[in-house]
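The structure under discussion appears below in the form of structure tokens.
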Amino acid sequence: MRLLIMGAPGAGKGTQATALAERFGVPAISTGDIFRHNIKNQTPLGVKVKSILDAGEYVPDDVTEEIVADRLAQPDCEPGFLLDGFPRTMHQVHFLDRYLADRGEGLDAVVSLMVEPEALVRRLLARAEIEGRADDNEDTIRRRMEVYAGQTAPLLFHYENKGLLVDVDGTGSVDDVRARMFSQVEAHVAP
Ligand code: ADP
């Protein structure tokens, strides 16, 4: 099972990604988590990307794509994977399409978690108080929303045209969204 989950900052991608990956027995791979882990440990990659994440901008495609390619080559990705936060640009979309095609593989579904913009900002500001993520402040949140709307939201059309898109309403409790998402994805991938 090869899955993607997409959604604006605050849509609940990370939370639902973990549940969905567990449901299908595949690893959840979050590029955001990989970057934050490297920043925390002050690795060369972390040092390189810290100011980019702090500003709410995207890490360059070549850097991000190399990390994803390395990660997908690990043995635990043999049965499949769930990518959370990748691809985020058209370049990354084409990279992933090519990467999979070279291996005779393809995606099974692309989950899009939809939440209205005002609710997103409210959620992110609330999370800022709990998790203390450096990019959860009002200016950076606004910038992340803009970058998402400009660069990432249009990618949904690409997957819609391929018949892969599963649009899930991301409003309501975590449990409600999870149940809704499971039944929609199962219906989509059912033979
Ligand atoms: P959110 O969706 O809430 O912004 P993420 O954890 O998915 O949170 O991403 C955090 C940050 O990591 C992004 O704002 C960006 O700087 C960087 N990042 C994550 N994934 C990518 C990607 N595929 N391409 C470029 N930058 C990325």
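Checking His37 against Asn41 by side-chain atom types alone, a donor-acceptor pair falls below 3.5 Å. Side chains of Asp61 and Thr89: a donor on one and an acceptor on the other come within 3.5 Å. Judged purely by distance below 3.5 Å, without hydrogens or angles, the side chains of Thr171 and Asp169 pair a donor atom with an acceptor atom.
Between Lys50 and Asp54, at least one side-chain nitrogen of the basic residue sits less than 4.0 Å from a carboxylate oxygen of the acidic one, meeting the salt-bridge criterion. Classification of Arg142 and Glu138 as a salt-bridged pair holds, one side-chain N sitting under 4.0 Å from a carboxylate O. Looking at Arg71 and Asp76, a side-chain N of the basic residue comes within less than 4.0 Å of a carboxylate O on the acidic one, giving a salt bridge.
Cation-pi geometry between Arg144 and Tyr148 is not satisfied (NZ or CZ under 6.0 Å from the ring centre, within 45° of the ring normal).
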Can you give each donor-acceptor pair under 3.5 Å made by side-chain atoms of residues 81-88, sequence neighbours left out, with the distance rounded to 0.1 Å?
residue : atom : partner : partner atom : Å
Arg88   : NH1  : Gly85   : O            : 3.0

Indicate every side-chain donor-acceptor pair of residues 118-125 with a distance under 3.5 Å to a residue at least two apart or in another chain.
residue : atom : partner : partner atom : Å
Arg123  : NH1  : Gly10   : O            : 3.1
Arg123  : NH1  : Ala11   : O            : 3.3
Arg123  : NH2  : Gly170  : O            : 2.9

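Using modelled atom types, no side-chain atom of Arg143 and backbone atom of Asp139 make a donor-acceptor pair closer than 3.5 Å.
Partner of Phe182 under the side-chain contact (heavy atoms from CB on, under 4.5 Å) criterion, out of Val168, Val177, Leu20: Leu20 alone.
By the side chain to side chain donor-acceptor pair (under 3.5 Å) test, Glu105 is found to be paired with Arg2, residues two or more places apart in sequence or in another chain being considered.
The closest side-chain heavy-atom distance from Pro60 to Ile52 is below 4.5 Å. In this structure, the side chains of His158 and Val93 come closer than 4.5 Å at one or more pairs of heavy atoms. Within the 4.5 Å cutoff, no side-chain heavy atoms of Lys162 are placed close to those of Leu107. Between Leu4 and Leu96 the shortest side-chain heavy-atom distance falls below 4.5 Å. Put simply, the side chain of Asn137 does not reach to within 4.5 Å of the side chain of Ile141, judged on heavy atoms. Using a 4.5 Å cut-off on side-chain heavy atoms (C-beta onward), Gln184 and His188 make no contact. Inter-residue side-chain proximity for Tyr58 and Thr152 is flagged as met; some heavy-atom pair is nearer than 4.5 Å.
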